[in-house]
There are 2 protein chains.
Amino acid sequence: MIMIIISVMADKEAISKNFKKYLSSRGLRRTLQRDVIVREIIKSAKHLTADEIFERLRKKNPNIGYATVCRNLKLLYSAGIIDEIKIGNQKTRYELKSEDSHHDHLICVKCGKFIEVFSEKIEELQKEMARKERFIVLRHKLEIYGICKYCGEKGGERS
Amino acid sequence: MIMIIISVMADKEAISKNFKKYLSSRGLRRTLQRDVIVREIIKSAKHLTADEIFERLRKKNPNIGYATVCRNLKLLYSAGIIDEIKIGNQKTRYELKSEDSHHDHLICVKCGKFIEVFSEKIEELQKEMARKERFIVLRHKLEIYGICKYCGEKGGERS
DNA sequence: AACGCTAATGATAATCATTATCATTAAAAT
DNA sequence: ATTTTAATGATAATGATTATCATTAGCGTT
């Protein structure tokens with residue numbers, strides 16, 4: 001249990017350290033806003049939208065601007081610190097990225113919820129498929145749309 | 001060769017027939033606009049945007065409205081006749097759907113072009129993954145972002 | 001500690017694909 | 001031919017994101 005706590009703490013420190021490294025390597029500045037945004041993402045629930053993060057930060061920092069939140073989420077994405085989850089026309093969601101965080105999504109077209117799944121085999125096959133095309137893979141996105149077990153049980157119409 | 005031509009023609013007929021069936025089964029009307037939109041999609045190149053289709057139709061039907069094209073593309077999608085390709089923040093693209101038309105995309109982040117690929121194994125693994133979650137799959141979308149062989153050869157910076 | 005440079009911020013306007021509105025037109029059933 | 005109402009076309013509205021720009025504030029230098 002202690003091990004887990006230590007490892008989580010180490011991750012958090014690593015995230016901040018990487019971000020600072022990223023900023024200074026590009027001549028960007030460390031600001032109060034950037035600090036609170038990163039901290040909020042570290043402690044928050046998964047996959048939040050820009051305005052959810054904005055609202056949370058507002059409580060403690062009434063002067064922070066929405067544009068600043070959006071801008072810095074994009075920056076954190078560019079820095080490889082967070083993932084961007086774009087599903088259909090929904091608002092973009094963000095979540096902390098870590099070694100084991102990659103996952104695909106099963107998206108229920110009835111209730112809108114999404115389940116995270118992962119398959120090492122699928123990842124490998126994707127790489128193989130790309131290799132055949134001499135294509136260098138940077139990232140990927142797999143979304144499976146359908147009806148989740150709860151909506152399926154309740155029975156009902158197609159959407 | 002004749003076989004191929006016949007099969008293509010049969011497909012086109014089947015598409016129109018299915019669409020008419022879809023319309024009448026829902027008390028929707030067959031209109032001139034719907035006819036020309038379907039015909040344009042059948043004869044056009046792959047994955048066109050709504051405004052590309054609009055522009056093509058404009059030449060022969062100067063009175064057709066953009067909203068009508070958008071509305072009916074959505075309708076054709078609901079009818080299961082065409083596929084909707086949404087990549088990032090790009091405009092939505094549409095293309096005729098057929099038994100063998102499903103494919104995933106390798107998307108080059110440098111030149112923006114996309115390559116269509118397909119893996120039966122990946123499809124199977126996806127179904128298996130969904131089955132474990134008691135999730136009924138309706139459709140899916142796999143996008144692999146990276147650098148294509150042409151952009152890779154030319155060497156150069158990351159994006 | 002003050003200065004200067006300029007990145008970053010915050011408020012707001014702009015963007016842009018898509019959707020809604022609504023008066024008019026035209027399918028299709030009677 | 002008439003009636004009903006779905007569909008159309010022009011345009012306004014939507015809404016998330018991005019750009020603009022005057023002001024603020026990091027941060028290296030003096």
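All heavy atoms count here, side chains included; hydrogens, waters and symmetry mates do not. Chain A is the first sequence line, chain B the second, and so forth, proteins listed ahead of strands; every chain is numbered from 1.
A salt bridge links Glu84(A) and Lys74(A); the closest N-O separation between the charged side-chain nitrogens and carboxylate oxygens is under 4.0 Å. Checked for salt-bridge contact, Lys46(A) and Glu116(A) meet the test: a charged N lies under 4.0 Å from a carboxylate O. Salt bridge annotation for Glu52(A)-Arg93(A): present, with a cationic side-chain nitrogen under 4.0 angstrom from a carboxylate oxygen. Ion pairing of Glu143(B) with Lys141(B) is present here, as a side-chain N (NZ or NE/NH1/NH2) and a carboxylate O approach within less than 4.0 Å.
Checked by distance alone, Arg71(B) brings no side-chain donor or acceptor within 3.5 Å of a matching partner on the base of dT19(C).
Toward the 5' end of DNA chain D, the nearer of the two residues Thr31(A) and Ile37(B), judged by each one's closest nucleotide, is Ile37(B). Mapping Ala67(B) and Gly27(B) onto DNA chain D by nearest heavy atom places Gly27(B) closer to the 5' end of the strand.
In this structure, Phe114(B) has its ring center under 6.0 Å from that of His105(B).
Rounded to whole angstrom, the span from the OH atom of Tyr66(B) across to the C1' atom of dA13(D) amounts to 15 Å.
The number of heavy atoms from other shown groups lying within 6.0 Å of CZ (Arg139(A)) is above 12.
Side-chain proximity of Arg34(A) to dT9(C), dA25(D), dT4(D): nearest is dT9(C).
At dG9(D), one or more side-chain N or O atoms of Gln33(B) fall inside 4.0 Å of OP1 or OP2 (strictly under the cut-off).
Residue contacts shown for Ile64(B) are limited to sugar-phosphate atoms, with no base heavy atom under 4.0 Å away. Contact annotation for Thr49(B): no contact, since no heavy-atom pair falls under 4.0 Å across all strands.
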Quiz item: How does DNA chain D look in dot-bracket form if you count Watson-Crick and G-U pairs under 3.5 Å, write [ ] for pairs that cross, and put | where a base pairs with another strand?
Solution: ||||||||||||||||||||||||||||||

